[in-house]
Amino acid sequence: MTPSFLAGLNEQQLEAVTLPQQSALILAGAGSGKTRVLTTRIAWLIQTGQVSPHGLLAVTFTNKAAKEMLTRIAAMLPINTRGMWVGTFHGLCNRLLRLHHREANLPQLFQILDTQDQLALIKRLMKSMNLDEERYPPRQAQWFIAQQKEEGRRASKVEPYDDFSERMVEFYAAYDAQCQREGVVDFAELLLRSYELLIRNDPLREHYRARFHHILVDEFQDTNRLQYRWLQALSAPGTSLFAVGDDDQSIYAFRGASSANMHDLQRDFHIEKVIKLEQNYRSHGHILDAANALIEHNRKRLGKNLWTSEGKGEQLRVYEAATDIEEAGFIVDEVKSLRAEGVALSDVAVLYRSNAQSRVLEHALFTAGLPYRVYGGLRFFERQEVKHALAYLRLTASEEDDGAFLRVVNFPTRGIGARSLEQVQEAARSRGISLWAAACANTLSGKAGSSIATFVRLIEAMREATRGLPLPEVIEHVIESSGLQQHYRNEKEGADRLENLGELVNAAAAFVAERDMQLPVEGQPADEPDELIAFLAHAALEAGEHQAQAGAEALQLMTVHAAKGLEFHSVFISGLEEGLFPHENSMTEADGMEEERRLMYVALTRARRRLYLTFAQSRMLHGQTRFNIGSRFFQEIPENLMRRMNRLRPARTTSYAGYAAFAPHTAAAPAAPAFAMASSSPWRIGQSVTHPKFGAGVIVGAEGRGAEARVQVNFRGAGAKWLMLEYANLAPA
DNA sequence: TACCTCCACGTTTTT
DNA sequence: CGTGGAGGTA
């Protein structure tokens, strides 16, 4: 009997889902039903008795994807999905390390550092080692360490090649030692530590190899070298590794994602056949044709062409704006008419290459009264007040955690100055103990009345009072007794923060409820030793939504990176200018341009029905007006797929070999006047003028006619400005 | 301790 | 242009 969930799959999807026990690479194009294939295969494997829910492992990159997968499996099969090894790389590694903390040489209650915590630890350590932060920027050290770990190298295995890298390697070693002392683990360490655990512990490795007959990987093109080796370590010769990915959507190479993994996989796992999912269920034909044509310009590809059985649909709409402000104005107008046509605002996205571009857009949207939502920025568990509350919790759970100690020892302020803190730090350093232990010793040695002693008693009282309480109540108590609540109540701008603290209690309640709902049936080992520790790990591994008011009916603003995996009725790709998109920095990087093109490919394939490509001839960037020419991507999309909504004179300046144009005053002024200016106009491009306020300058651009006529003048002192001719009071120089 | 001013910086960032 | 960090001052 054919399970009902196989109905409706196309030929390639069905082939992938029902592949016999063997390793496979599924090249799944954008919108080709990748997640459906992955989850249906899991359901099929279980339903046909080829594997038990216990015997497979499925791994994703984001919590969202993992959750989605579990939800879909649960919808297809009447099984309890808890206990199944479905999660992110980091989440699964966390699970592995909690289960085998002793073998991994970690305390049972080890804490997970997020990027913020890690940077704080690095700065702290640099100070204590008297490393000059000028010469050794903490961010660079952080990057170095993550980089090494993601290549699987411990400090002892890194070959320094100059003085600088030698110090970096020394620091790396000191950093790892400090983490070990504090019982904390950074993101990359989760991976590396569990990889080493599997490699070094033969019985353990064999145990898991025997258990997981099927390993399924989502977004395989985003795996880094360490993740690849981790997968290898878990795979026995007979293991089926089912990898789904799209090399054309690999946009995280800059973070260590290795496209070589796609090639190596075929060799190492003896993959005979690559299945391609090329039928797209998302977009109309013209959009796909454009995406296919664009990505053809990349040389390093496995090769794939999207097609749809639906119609060609609209052409891509191209708009050239004179300025970034005008570009934003155009987008506002179009969004309004889309809304009038009945398209939901939340089904429309404005995409950009870099976050800084959102400001002009936001300004225009705000002025027009259009509701919008910007993705990116601080997430819930990264907020200051939330981190503070979590640090109190961490300290009650784990005394070794110096980072947590330092974060809250004097917050809210309780009169612990730099002097007394230095004493504690010095004592801790000289005796090789934690700050907490040093503070306790300090308290015992006759300074019981000191402010440090008060703090120690506060934490101890907290621990005592919350023992045995349900998690939400623990957090409530901590927020109150720590003084955080009082502190934010007194603060002028504290209302939002108080609200977030309340939200933290809710988050804990939701977390507990979700766990209880899928309580292990019987005899299953409790994965996490402690609810609080599990919640803290959850907070570190899943930083939460980027913005609170989700689901509101609002226009969606985000970077192209953030848009990966999403789809919208209509999409604007803005700022399509040489230097911006493709970004100028990518031009000097190896394979940088190909990654930019993949990024553009991702952007194009987000749209279901309508796609706008916009660019601005001039744009304010870093406080300076820059003149740009249109992105090369315009030339890589066949002209007949695009509809130019307007046609501006070519930009008034030229660019060199793809670089964004240079300072305006060096620009060669075109000989002819701008087309928009009446031939009777006394003003010409290139003419020298003076302005009562800005002084001397040269006209470099013009547009509009009559009362609308504006000229762009590049002033010697004040830089480039657009001026309405009617009011500007310009005089010929 | 809190605020202010000055300076450097300015792609993308699932965990 | 706008921000975030550092360092100085009330």
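Model, not experiment: these values are computed from the prediction. Naming convention: chains lettered A, B, ... in sequence-line order (proteins, then strands); numbering from 1 in each chain.
Within 4.0 Å of A/Phe89, counting heavy atoms only, lies no atom of the nucleic acid at all. Counting non-hydrogen atoms under 4.0 angstrom, A/Ile416 reaches the backbone sugars and phosphates but no base.
Side-chain contact, A/Tyr172 with A/Gln148: no donor N or O sits under 3.5 Å from an acceptor N or O. Side-chain contact, A/Ser354 with A/Gln357: a donor N or O sits under 3.5 Å from an acceptor N or O. Counting only N and O atoms by type, the side chains of A/Asn628 and A/Arg619 include no donor and acceptor under 3.5 Å apart. A/Tyr175 and A/Gln118 form a side-chain donor-acceptor contact under 3.5 Å, judged by distance and modelled atom types alone. With 3.5 Å as the limit, one finds a donor-acceptor pair spanning the side chains of A/Tyr375 and A/Gln556.
Contacts classified as salt bridge (Lys or Arg N to Asp or Glu O under 4.0 Å) and involving residues 117-133 of chain A (residues at least two apart or in different chains) are given here: A/Asp117-A/Lys387, A/Asp117-A/Arg394, A/Arg124-A/Glu182.
For the pair A/Asn224 and B/dT15, the criterion of a side-chain N or O lying under 4.0 Å from OP1 or OP2 is not met. The phosphate of B/dT13 (OP1 or OP2) has no side-chain N or O of A/Thr115 nearer than 4.0 angstrom. For the OP1/OP2 pair of C/dC1 and a distance below 4.0 Å, the side-chain nitrogens and oxygens of A/Arg626 include no atom meeting the criterion.
Between A/His561 and A/Tyr352, the distance from one ring center to the other does not fall under 6.0 angstrom.
Between A/Phe615 and A/Phe634, the angle of the ring planes lies from 30° to 60°, which puts this pair in the tilted group.
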Shorter than 3.5 Å, N or O on both sides, protein versus nucleotides 6-11 of chain B: list them out with atom names.
{"from": "B/dG10", "atom 1": "N3", "to": "A/His622", "atom 2": "ND1", "distance (Å)": "3.2"}
{"from": "B/dT11", "atom 1": "O4'", "to": "A/His583", "atom 2": "NE2", "distance (Å)": "3.3"}
{"from": "B/dT11", "atom 1": "O4", "to": "A/Glu589", "atom 2": "OE2", "distance (Å)": "2.7"}

For nucleotides 7-10 of chain C, which of its nitrogen or oxygen atoms have a protein nitrogen or oxygen under 3.5 Å away, and what is each distance?
none

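The side chain of A/Lys123 lies closest to C/dA6 when the candidates are C/dA6, B/dT13, C/dC1. With B/dT12, C/dA6, B/dT15 as the choices, the nucleotide that has an atom nearest any side-chain atom of A/Thr559 turns out to be B/dT12. When each of C/dC1, C/dA6, B/dT1 is scored by its nearest atom to the side-chain atoms of A/Asn410, the top-ranked nucleotide is B/dT1.
Whole-Å rounding puts the A/Leu621 CG to C/dT3 C1' distance at 14 Å.
B/dT12 has its base anti relative to the sugar, with a glycosidic angle deviating from 0 by more than 90°.
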*Give the intermediate values and the outcome of ring pair (Phe, Tyr, Trp, His ring centres under 6.0 Å) for residues A/His487 and A/Phe411.*
CA-CA 9 Å; A/His487 176 264; A/Phe411 192 96; 4.8 Å; yes
